[in-house]
Amino acid sequence: MQKSLHIDPNKCTGCLQCEMACSWEKYQSFTTAKSRLKVFSFHHEGRFVPYTCTQCDEAWCVIACPVDAIRLDPVTGAKIVLEPTCVGCKVCTIACPFGTINYVAQTGKVQKCDLCDGAPACAKACPTAAITYVDSDWTGLDKMRQWAGKTDTNPATV
Amino acid sequence: MAWTKNVLRVNLEAGTCTSEPLNLQWAQDYLGQRGLATKYFVSETDPKVDPFSPKNKLLFVTGPLTGTMAATGGRYSVITKGPLTGAIACSNSGGYFGAELKFAGWDLVIFEGASPKPVYLSITDGQAELLDAAHLWGKTVWETEEIIKKQHQDPQIRVASIGRAGENKVLYAGIVNDLHRAAGRSGVGAVMGSKNLKAVAVRGTRTDAYRLADPEAFFATTEAGKKVLAANGVTGQGLPTYGTQVLMNVINELGALPTRNHRDVQFEGAMAIGGEAMHEKRPTDGKANLVTNGACFGCTIACGRISRMDPGHFSVKDKPQYHGASGGVEYEAAWALGAANGVSDLEALTYANFLCNEDGFDPISFGATVGAAMELYDLGILTREQIGFELPFGSTEGMVKLAELTAKGEGFGKEIGLGSKRLCAKYGRPELSMTVKGQEFPAYDGRGLQGMGLAYATSNRGACHLRGYMVSPEVLGIPVKMEPQATEGKPAMLKAFQDLTAVVDSSGLCLFTTFAWGLSDIQPQIQAACEGDWSEERLLLVGERIWNMEREYNLAAGLTCKDDNLPPRLMKEAAKTGPQKGAVSKLDIMLPEYYQVRGWTKEGVPTADTRKRLGV
Amino acid sequence: MRHLIIGSGPAGVVAAETLRKADPAAEITLLCGEAGPPYSRMAIPYLLKGDIAEQGTHLRKEVDHYDRLRIRLVTGRATAVDTQARTVSLGQGAPLPFDRLLIATGSRPSLERVPGIDLPGVRSCWTLDDAKAILDQARPGTRIVQMGAGFVGCIIMEGLLSRGVDLTILVRSGYMVRRMMNATASGLLRSWCEAKGVKILTHTQPTGIASEGGSLQVTLKDGRILPADIYLSAVGVDPNLDFLQGSGIEVAQGIVVDANLQSSVPGVYAAGDVAEATDCLTGKRQLNAIQPNAVEQGRIAALNMAGRPARFKGSFVFNVLTTLGLVSSSFGEWQGVAGGESCEVLDERRYRYLNLQFDGDRLIGANTVGFTDHVGALRGLIEGRVRLGAWKHRLVEDPTLIMQAYLAAAHSVA
């Protein structure tokens, strides 16, 4: 059974340990600005919402990439950016209707969550279990897919 | 390592920003944050300087663990000479601002001079510039942050700013970052206002800002530290559930909750304004005051209160801007806005607390000053005509109205903005001011908790609970249980707490970790992050060095052992009720012993030997 | 079943791959207009900059990719389609037979009608060969006069400047990328380019190009003469449809297709730049020459060709452009609609701009400059026709809260 990141905003306190963990995993730096997972703060509502790629089946980024730089990891199901191949054209960043693949000016490439080879650093770092790595059935993936269906952004599947 | 080794020097008069290398010897001697910036401050400024003179400097500083995955590693401090006290002022804040400053590549920002016109400092990584703040002057903290983020089109910018309290030089104006975290005490915001500096806006995206000395050891020790915090009853359960408000009923039952300007030591309304009450559903709208708990950067405790008011409450009925969630009352604020003046309306306290955040003033000093004004009113010294409205103890409306007036410097709010010492002196009753060195007491009675009384009297920044938190041994039994009324061993314990606190305040960590962490938990985290050999002995020496440096500064500024005192009420008027009934402060017994364990003369001056030992 | 795909751009390649997956036994032929493996024009600017080698432009990286999928690559250009005989002529050699045909021939640069446009030294920058020719010629100091500052004209600028050329750009309309940017965004791009040393002449165009002493003389409307080593024509693109004349396939602006992307001739499909399909925002038929649309249509057309009915749900125009390092994007009805509302924030000093267009409480279009984080959410909001509710007002107050609005309105998480 493939696993997915399960996010429960109700448990998030906004400590950003997840963002630091993500940045450390990829940049050996705690710079939260570089995290592929972002915690959005809704001050007025008193709410923190961690948000990142759900590795959706539609894989908008993969199909939009003109140079075949985003590949599927068959083990984890993650869509992974091959940095040496990415030219930085950013087409994926506008094609992904979830806004979860982003351009990094510093590297000239795009970046997205790759599930850390099946051991997501964010989930490990989360002190409140707001982010967990669990069997796919239990994740918000379905919720997001339902949304995609509801809003007509998902194509017929092969 | 763990330091960015970069100092940003901002000359407000000339409008210039220049980078200079960090004095690495000082980093080794004073660690970072509080210690390091104070070293810069005392080395560069005249101790006799008027706090509002352009010659006073204002320093924003991070610690080596700020912006790391160490639990609570997100703190920064602001150091200057305080206008409330005339002593060294050092205010510590959490939120996200400190870490962002670190990621931008700066350990320290030194503001010198005063700008001829309102400006704000914009930092994007290595680039820093002073920008015109004409459009921000007169705006609240909340508006300022919103405008800057929108103007720069970057919701990720972190902002620390003053509100109208700082602009109007309310003597206890603070600097607020991330909407409701504050370098709140001692009037650092008023100094910022005197410099025409409205805000500091930071965006930090550098991945090479600093390095850890030993990443592997760092992860091992910080993960162990997080487990300790999670397993501890206070940091793992009490604080996340109730915040610091977990203390309200505890301290009240102990008879150490100063009430009505310290006339009483127990508050009959404590239950209504404590941590438990924040969880209860209101009869009016069926919702609890508390929405959720929130964390500062990197904090695995998450004691922060996020509250939403009853939109029908009289104070906000037609003010939708206060109907959303925001920073709720913490223990000290709930005490000052509530018990200190006899108000037990949680919603009103929340509103006043929102105003303190929104316009940047310290709820402790504000609430305590209102308490003093209420006593002056009660004694007939202040009248309805002078104030503009009735102000008896327990007047919710009066407290709320003063909260609305103070930052703006309107009406009687202008006098409240002077703080309790100047207010009481002005009306001929200086003894009614519940302050030390001009700064108002926080929420523990120095009669009920003898060690806290000594801590207040000797605190380098005036009355403060965060310089040596004797509540730990006297109430919580951390690290050992000490009876509240005992004096024995307390001077030595306080010294140890003060020195340890100086270390924690210089590291980038939050003092609240010390409910669960001892030095043996903290030392390996510093060791793994910083280059050099950081033994526990050395760290305590650093802490003691910092304490004595601050002391020397205060002495040079003109303070003497006479300022290490408590108001006559605490020395003479016995606690009326509760377990501590009959108690007065035994400061006279403890203080000489404290000087002795500090290695100071009878006049409270560090001896030549002490100076030599510490290399001050 | 014999599947023939004309055109080896993204639409054609994705169609071929989808066909293989959907119909393992089918015979699949991909007709490539240029020699060499299928490549991406989107990557050409990065080749010009020297970021990548030619191989980096290839749509698929594995050398045996097409062999492995049993996709036959044929190099040649279609000259005619015989829908009765079910063949495609290549001008020379035997015509290619098909049972199902996909036309995915993409676009070609629009032709300028200026005397001298056929001189050597006049180039466009569209194909890999064009790019290689420019690379061969461009040296520090090489004078390039470029006509046009549309998408292509802008995206190649960095590559040109990186070679140290002296670049002058002629803009007929006065506005750069006017087909995807409003005047404010366009003005930001212009001042950015000028700050980087590009000379931009607006409201002008050449009246003639002449060759003199080994270089070109470009005469402008106002009589000015600009000397040039290269005249680069970048005035836009048109769909490649000439070979369809007489085929009986209905062509308007592009090939008219139904919801299955089938043309007026059964068994003949179209995808990508040449397909005139339904815009999901306006409901009108239009061309949509963007990469995500091409691959999506390629996929849908292929499923239908393989006998697995699939509907194209419509698309809308969105694009991202990097001009000398300045990133801008354009979504949907960025010009706004009658009765709609808009909001914007502009920071000229930092080259940042965000303009949102609403119809009621729905986002329908946007222009951004210097704004790259989570920009895809704009597509999500627009294409999903998400009701913003109270967030509409908050966005009007502060458009930078777009991601919060998206999470709250589209995912109901706040």
Side-chain angles (χ1 to χ4, degrees), chain A residues 7-10 33 38 40-51 58 60-69 71 82 84-105 108-110 140 143-144 147-148 150-158, chain C residues 10 14 18 21-22 40-43 45-47 51-52 56-61 280 290-292 295-296 299-300 303 308-314 318-322 325 327 329 331 372-381 383-386 394 403-404 406-408 410-414:
Chain A
I7 290 174
D8 182 356
N10 291 313
K38 286 311 276 182
F40 288 92
S41 173
F42 291 79
H43 185 75
H44 199 77
E45 289 76 10
R47 210 164 155 75
F48 303 97
V49 180
Y51 184 68
E58 291 77 20
W60 308 92
C61 58
V62 176
I63 60 172
C65 178
V67 292
D68 207 14
R71 300 285 181 89
L82 306 178
T85 308
C86 172
V87 297
C89 76
K90 309 166 202 69
V91 171
C92 55
T93 71
I94 55 166
C96 167
F98 305 113
T100 49
I101 183 163
N102 285 297
Y103 179 65
V104 183
K109 315 275 179 182
V110 295
K143 248 171 64 187
M144 199 171 273
W147 171 76
K150 184 178 75 192
T151 54
D152 278 349
T153 43
N154 70 329
T157 42
V158 172
Chain C
V14 166
T18 309
K21 217 188 275 184
S40 168
R41 302 204 201 287
M42 287 297 298
Y46 305 93
L47 178 77
D51 286 355
I52 52 168
T57 67
H58 295 168
L59 278 168
R60 297 294 177 257
K61 298 300 188 260
C280 66
I290 62 169
Q291 168 98 11
V295 291
E296 178 61 6
R299 203 176 66 82
I300 298 285
L303 289 173
R308 298 169 64 160
R311 284 175 66 84
F312 180 64
K313 295 185 174 167
F318 51 92
N319 221 335
V320 60
L321 169 66
T322 309
V327 184
S329 69
F331 290 86
T372 56
D373 284 348
H374 314 291
V375 74
L378 291 167
R379 178 191 180 184
L381 281 173
E383 195 163 317
R385 304 185 67 77
V386 176
R394 285 166 87 166
M403 198 57 197
Q404 273 89 343
Y406 167 76
L407 287 172
H411 295 285
S412 309
V413 289

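Just so it is clear: chains get the letters A, B, ... in the order the sequence lines come, proteins before strands, and each one is counted from 1. Here the structure is a predicted model, which means the values were calculated and not measured.
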Tell me, for Phe312(C) versus chain A, whether the close heavy atoms (under 4.5 Å) come from the side chain, the backbone, both or neither.
neither
For Tyr46(C), which atoms come within 4.5 Å of any heavy atom of chain A: side chain, backbone, both, or neither?
side chain
Count the heavy-atom pairs under 4.5 Å between each of Val14(C), Val327(C), Asp51(C) and chain A, then report the option with the highest count.
Val327(C)
Decide side-chain contact (heavy atoms from CB on, under 4.5 Å) for Lys90(A) and Thr322(C); before the verdict, give the C-alpha distance in whole Å, the side-chain angles of both, and the deciding distance to 0.1 Å.
CA-CA 9 Å; Lys90(A) 309 166 202 69; Thr322(C) 309; 2.5 Å; yes
Bottom line for Cys89(A): the part with an atom under 4.5 Å from chain C's heavy atoms is both
Who pairs with Thr100(A) by side chain to side chain donor-acceptor pair (under 3.5 Å), at least two apart in sequence or on another chain?
none
Side chain, backbone, both or neither: which part of Gln291(C) has an atom under 4.5 Å from a heavy atom of chain A?
side chain
Quick one: what part of Cys92(A) sits under 4.5 Å from any heavy atom of chain C, side chain, backbone, both or neither?
neither
Of the backbone (N, CA, C, O) and the side chain (C-beta and beyond), which part of Val295(C) lies under 4.5 Å from a heavy atom of chain A, both, or neither?
side chain
Glu296(C) and Ile63(A), any side-chain heavy atoms less than 4.5 Å apart:
yes
Output the option from Asn10(A), Ile101(A), Val104(A), Asp68(A) having the highest count of non-hydrogen pairs under 4.5 Å with chain C.
Asp68(A)
Can you tell me which portion of Leu59(C) sits under 4.5 Å from chain A's heavy atoms? Options are side chain, backbone, both or neither.
both
Please round to the nearest 0.5 Å and tell me the distance separating atom CG of Leu378(C) and atom CE of Met403(C).
9.5 Å
Just say parallel, tilted or perpendicular for the rings of Phe40(A) and His374(C), cut-offs at 30° and 60°.
perpendicular
Give me the ring orientation class for Tyr51(A) and Tyr406(C): parallel if the planes are under 30° apart, tilted from 30 to 60°, perpendicular past 60°.
perpendicular
Using side-chain heavy atoms (C-beta onward) and a distance below 4.5 Å, is Cys65(A) in contact with Val91(A)?
no
